[in-house]
Amino acid sequence: MSQGFTVAIDGPAAAGKGTISKAVAAHFGFAHLDTGLLYRAVGAKMIGGMDPLEAAQNLMPQDLEADGLRSSAVARAASEVAVIGAVRAALVDFQRAFGARAGGAVLDGRDIGTVICPDAQAKLFVTASADVRARRRHDEMRANGTGESFAQILADVQARDARDMERVEAPLRPAPDATVIDTSDLSIERAVAAAINAIETKRRAS
Ligand code: CDP
């Protein structure tokens with residue numbers, strides 16, 4: 001019965017998309033693609049001196065496993081290369097092919113429900129206040145032993161939000177038919193349950 005079923009999960013930095021996407025994929029037995037990693041891998045190559053378009057056109061699956069893709073410097077570079085239309089265009093086919101997998105797929109990013117998979121059967125927009133998101137990223141970084149201050153991380157999150165929402169190509173915004181989940185006051189368990197619920201409703205209707 002598993003004809004393709006695509007779940008699109010969009011939202012700003014550190015809203016909980018990654019955690020929710022992994023849990024949802026495990027629950028339904030779908031494959032998961034963190035599309036932010038594509039932009040991070042291109043950003044990392046730009047830091048290394050490569051032209052971002054050339055990097056995007058020649059991206060290999062193993063590039064998504066490079067060390068250091070989670071750093072703030074790479075996140076910043078990712079949001080810089082993500083404003084380049086030709087870079088985004090070079091990454092479309094890979095993402096769409098992933099979304100069309102027969103066994104079902106979850107893609108998380110910024111423009112999945114709006115541009116990459118506008119026909120996705122289920123769309124979620126996961127968000128939270130900038131303060132809560134910066135606090136979470138700060139805790140995460142402290143656990144990993146990196147020493148950035150809360151103020152620095154908040155400023156970074158806000159700058160990245162602005163770049164992601166104000167860009168001309170595929171700006172970050174909820175698709176009109178997305179279910180919005182604000183995780184500011186939700187535990188991980190509750191946020192995951194809300195996501196599964198919303199997707200189940202769409203599955204029954206499809
Ligand atoms: O994990 P976090 O939410 O902080 O970031 P990410 O999802 O890894 O994305 C890093 C950057 O890549 C974002 O700030 C966006 O500028 C860009 N991105 C995008 O433009 N489109 C996507 N589908 C995914 C990420």
Side-chain angles (χ1 to χ4, degrees), residues 6-22 32-47 52-53 55-56 59 63-99 105-118 120 123-130 132-141 143-144 146 148 152-175 178 181 183 191:
T6 311
V7 181
I9 304 186
D10 292 305
K17 288 188 313 281
T19 307
I20 289 176
S21 301
K22 282 192 203 97
H32 170 227
L33 177 65
D34 169 2
T35 65
L37 278 181
L38 302 174
Y39 295 90
R40 285 174 182 264
V42 173
K45 285 181 184 259
M46 179 180 75
I47 291 172
L53 180 55
L59 208 63
D63 294 330
L64 307 185
E65 279 149 38
D67 284 340
L69 292 187
R70 290 275 155 221
S71 75
S72 304
V74 170
R76 210 170 305 129
S79 83
E80 285 166 15
V81 302
V83 305
I84 307 169
V87 165
R88 305 198 70 84
L91 302 174
V92 166
D93 287 351
F94 177 79
Q95 297 176 80
R96 288 205 176 133
F98 194 96
V106 179
L107 287 84
D108 76 89
R110 300 288 188 287
D111 62 339
I112 308 305
T114 50
V115 174
I116 302 296
C117 302
K123 298 181 185 178
L124 306 180
F125 192 84
V126 178
T127 188
S129 71
V132 165
R133 292 186 285 121
R135 174 71 51 208
R136 287 181 190 156
R137 193 55 38 114
H138 188 227
D139 291 347
E140 213 174 273
M141 291 200 159
N144 294 330
T146 35
E148 277 172 84
Q152 220 168 2
I153 293 172
L154 179 61
D156 249 18
V157 160
Q158 286 170 329
R160 207 138 62 85
D161 281 358
R163 207 158 32 234
D164 289 349
M165 290 190 282
E166 289 161 17
R167 69 183 176 217
V168 177
E169 296 281 342
L172 170 65
R173 60 181 167 78
I181 300 177
T183 67

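Remember, it's 1-based here, ligands and their atoms both numbered in the order they're listed. We use all heavy atoms of the structure for the numbers below, so side chains are in, but hydrogens, waters and symmetry mates are not.
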Visitor: From atom 19 (C) of ligand 1, work out which of K17, R160, R110 has a heavy atom at the shortest distance.
Guide: R110
Visitor: Return the residue, atom name and 0.1 Å-rounded distance of the protein heavy atom closest to atom 17 (C) of ligand 1.
Guide: A82 CB, 3.8 Å
Visitor: Give a yes/no on ligand 1: does R163 have at least one heavy atom closer than 4.0 angstrom to it?
Guide: no
Visitor: For V83, is there any backbone N or O sitting under 3.5 Å from a side-chain donor or acceptor partner on R88?
Guide: no
Visitor: Does the N or O separation between R40 and ligand 1 drop below 3.5 Å for any pair?
Guide: yes
Visitor: Please determine if Y39 has a nitrogen or oxygen closer than 3.5 Å to a nitrogen or oxygen of ligand 1.
Guide: no
Visitor: Does the distance from a Lys or Arg side-chain N to an Asp or Glu carboxylate O, for K45 and D63, drop under 4.0 Å?
Guide: yes
Visitor: Is it the case that the side chain of D10 and the backbone of I112 share a donor-acceptor pair, with hydrogens and angles ignored and the cut-off at 3.5 Å?
Guide: yes
Visitor: So is there a nitrogen or oxygen of R167 less than 3.5 Å from a nitrogen or oxygen in ligand 1?
Guide: yes
Visitor: Does E80 come within less than 4.0 angstrom of ligand 1, counting non-hydrogen atoms of the residue?
Guide: no
Visitor: Are more than 12 heavy atoms from other residues, nucleotides or ligands located less than 6.0 Å from atom CZ of R167?
Guide: yes
Visitor: Identify which one of R40, R110, R163 satisfies the side-chain hydrogen bond (donor to acceptor under 3.5 Å, both in side chains) criterion when paired with S79.
Guide: R163
